[in-house]
Amino acid sequence: MTDEAILDVLRDHPWVATTRRGPQGVLVRPRPETLAVRPRPGALLREFLEHWGDVYDWVYEGSPKPGEPDFSGWRASDTGRPLPEGHMADWLRCTVDLVLSCRPSRVLELGCGSGLLLHALREHLTAYVGTDVSAAAVERLGPVTTPRIAVVRAAAHEARSEQVTKALADTMGPQTRPDCVLLNSVTQCFPHLGYLRAVVLDALDLVAPGGTVIVGDIRHAGLLDHYCRWVERAKDPEADAAEIERRAARRAAQEEEMLLDPRMIARIALEAGRPVAVSAHARTMADDTELTRYRYDLVLHADVEAPVWPGSGGRDGIPNALLDDSPEASTPHALRIGGSVLLDLADPARLAVARPGSAGRFTAESVAALAEGVEPGRLAHEPMTAFVARRLPEVLYDHLRAALPGTPLPSIGVEEAPGDGR
């Protein structure tokens, strides 16, 4: 069997755009449409999303009854053990306090999971619609639905779908828009920036005038290397520094979740066609875990005038004691009594405290401008790249075995995995 015959068979696969001989085998390039944001059944991106749906189906199948707190699946990266329930309750309180500070009455939550925020917020709202990609999560929340509470199965990119639109109209009234769109602890399951862009712009288009889009519990891209070193050091305290760096670099390259710098989200918000202000909030839980160290919340305020960066209207440039051992450092938890604890938009290892009455909001334009000159890879980690590099060759090997039985299989590598499939 000739090499050209093998290349021809590979080109016949619906996920493959081009093939060519490489120095150590065959290099394939995936079709952009198989990575597109609104994926067809059988597309690579659809498989990525279904993987997360399967994960959470498994997590929620054995979870407590509806109405009970459910922190299933939350494990510490450094120990592998479940995170303490008290810490997770504090984690939930942080998000609830942030949402309520925006005074919403009608919430659309994309990625509602087991309903933690639904249960905590429902008494403060006139209407709520939750969506989730997990069938088990949606089924589990069925008993808590009412005429003003609906939960439907839909992925984050399906916020404008018929089923979500109907649920919004049924709970909030025809032509009534949510005044808060909430995405909490879901961006890490997004495949690439094109997907994030579609979801954020849909959310900003849906939210009512003066409303907010809250993107919560985001893993910070600027802290990926620090996080990987922290995990590897915890796993092997005796290893030398060079070995820790090697392991941390490997862990970062294999990271399977999306990480984002707030400046990247601000860039996307500029495309919304309406004024948007941005505020980035540190997580103020008492315990020192990855959820406190490496995550933050971002609020996009629609149709709100705001000053330009820099300055929080309070104290700025405070070293975060969880990441910095300098004498003047402080933890987010210790600073919380002084006002809103903000994340420094240019340096994730620093904090700010907005004085009472100041929301710490800045124009999306001025926040996005802070990213000028920053390498794109420092602003976002896109897991779809690693997923395609692993999954596409697996599928193509099976494709070759079926089409050319008995033929020696070449090494297959992925030449490019586009991250902005629009």
By salt bridge (Lys or Arg N to Asp or Glu O under 4.0 Å), Arg122 pairs with (sequence neighbours left out) none

What pairs with Ser105 under side-chain contact (heavy atoms from CB on, under 4.5 Å), at least two apart in sequence or on another chain? Thr126, Asp179

With side-chain contact (heavy atoms from CB on, under 4.5 Å) as the test, would you mind laying out the steps for Cys112 and Leu118 before giving the verdict? CA-CA 7 Å; Cys112 62; Leu118 164 58; 5.9 Å; no

Please list all pairs passing the ring pair (Phe, Tyr, Trp, His ring centres under 6.0 Å) test where one or both residues lie in residues 76-117, with sequence neighbours left out. Trp74-Trp91

Centroid-centroid distance, His226 to Tyr294, less than 6.0 Å: yes

Under the salt bridge (Lys or Arg N to Asp or Glu O under 4.0 Å) definition, can you give me all pairs with a residue in residues 272-281, not counting sequence neighbours? Arg274-Asp303

Is there a salt bridge (charged side-chain N to carboxylate O under 4.0 Å, His left out) between Lys235 and Glu232 once you walk through the steps? CA-CA 5 Å; Lys235 290 180 177 293; Glu232 294 300 336; over 6 Å; no

With sequence neighbours left out, what residues match Arg378 under salt bridge (Lys or Arg N to Asp or Glu O under 4.0 Å)? Asp225

Does a salt bridge link Glu255 with Arg219, judged by any charged N lying under 4.0 Å from a carboxylate O? yes

Of all residues at least two apart in sequence or in a different chain, which pass the salt bridge (Lys or Arg N to Asp or Glu O under 4.0 Å) check with Glu290? none

Scan the side chains in residues 198-216 for donor-acceptor partners under 3.5 Å anywhere in the protein, sequence neighbours excluded, and list what turns up.
| from | atom 1 | to | atom 2 | distance (Å) |
| --- | --- | --- | --- | --- |
| Asp202 | OD2 | Arg38 | NH1 | 3.4 |
| Asp202 | OD2 | Arg38 | NH2 | 3.2 |
| Asp205 | OD2 | Arg160 | NH1 | 2.5 |

Find out whether Pro82 and Met88 are in side-chain contact, i.e. whether some heavy atom of one side chain is under 4.5 Å from a heavy atom of the other. no

Contact check, side chains of Glu4 and Arg21, non-hydrogen atoms, under 4.5 Å: yes

Contacts of Asp8 that satisfy salt bridge (Lys or Arg N to Asp or Glu O under 4.0 Å) - sequence neighbours left out: Arg11

Side chains of residues 239-250: which donor-acceptor partners sit under 3.5 Å, not counting sequence neighbours?
| from | atom 1 | to | atom 2 | distance (Å) |
| --- | --- | --- | --- | --- |
| Asp240 | OD1 | Ala242 | N | 3.2 |
| Asp240 | OD1 | Glu243 | N | 2.7 |
| Glu243 | OE1 | Arg246 | NE | 3.1 |
| Glu243 | OE1 | Arg246 | NH2 | 3.4 |
| Glu243 | OE2 | Arg246 | NH2 | 2.5 |
| Glu243 | OE2 | Arg247 | NE | 2.7 |
| Glu243 | OE2 | Arg247 | NH2 | 3.4 |
| Arg247 | NH1 | Asp236 | OD2 | 2.9 |
| Arg247 | NH2 | Asp236 | OD2 | 3.3 |

If you look only at pairs with a residue in residues 365-375, which of them pass as a side chain to side chain donor-acceptor pair (under 3.5 Å), with sequence neighbours excluded? Thr363-Ser366

Output all residues satisfying side-chain hydrogen bond (donor to acceptor under 3.5 Å, both in side chains) with His333, sequence neighbours left out; order by chain, then residue number. Arg336

Please enumerate all residues that pass side-chain hydrogen bond (donor to acceptor under 3.5 Å, both in side chains) together with Trp15, with sequence neighbours excluded. Thr34

Distance-only donor-acceptor check, side chains His281 and Ser340, under 3.5 Å: no

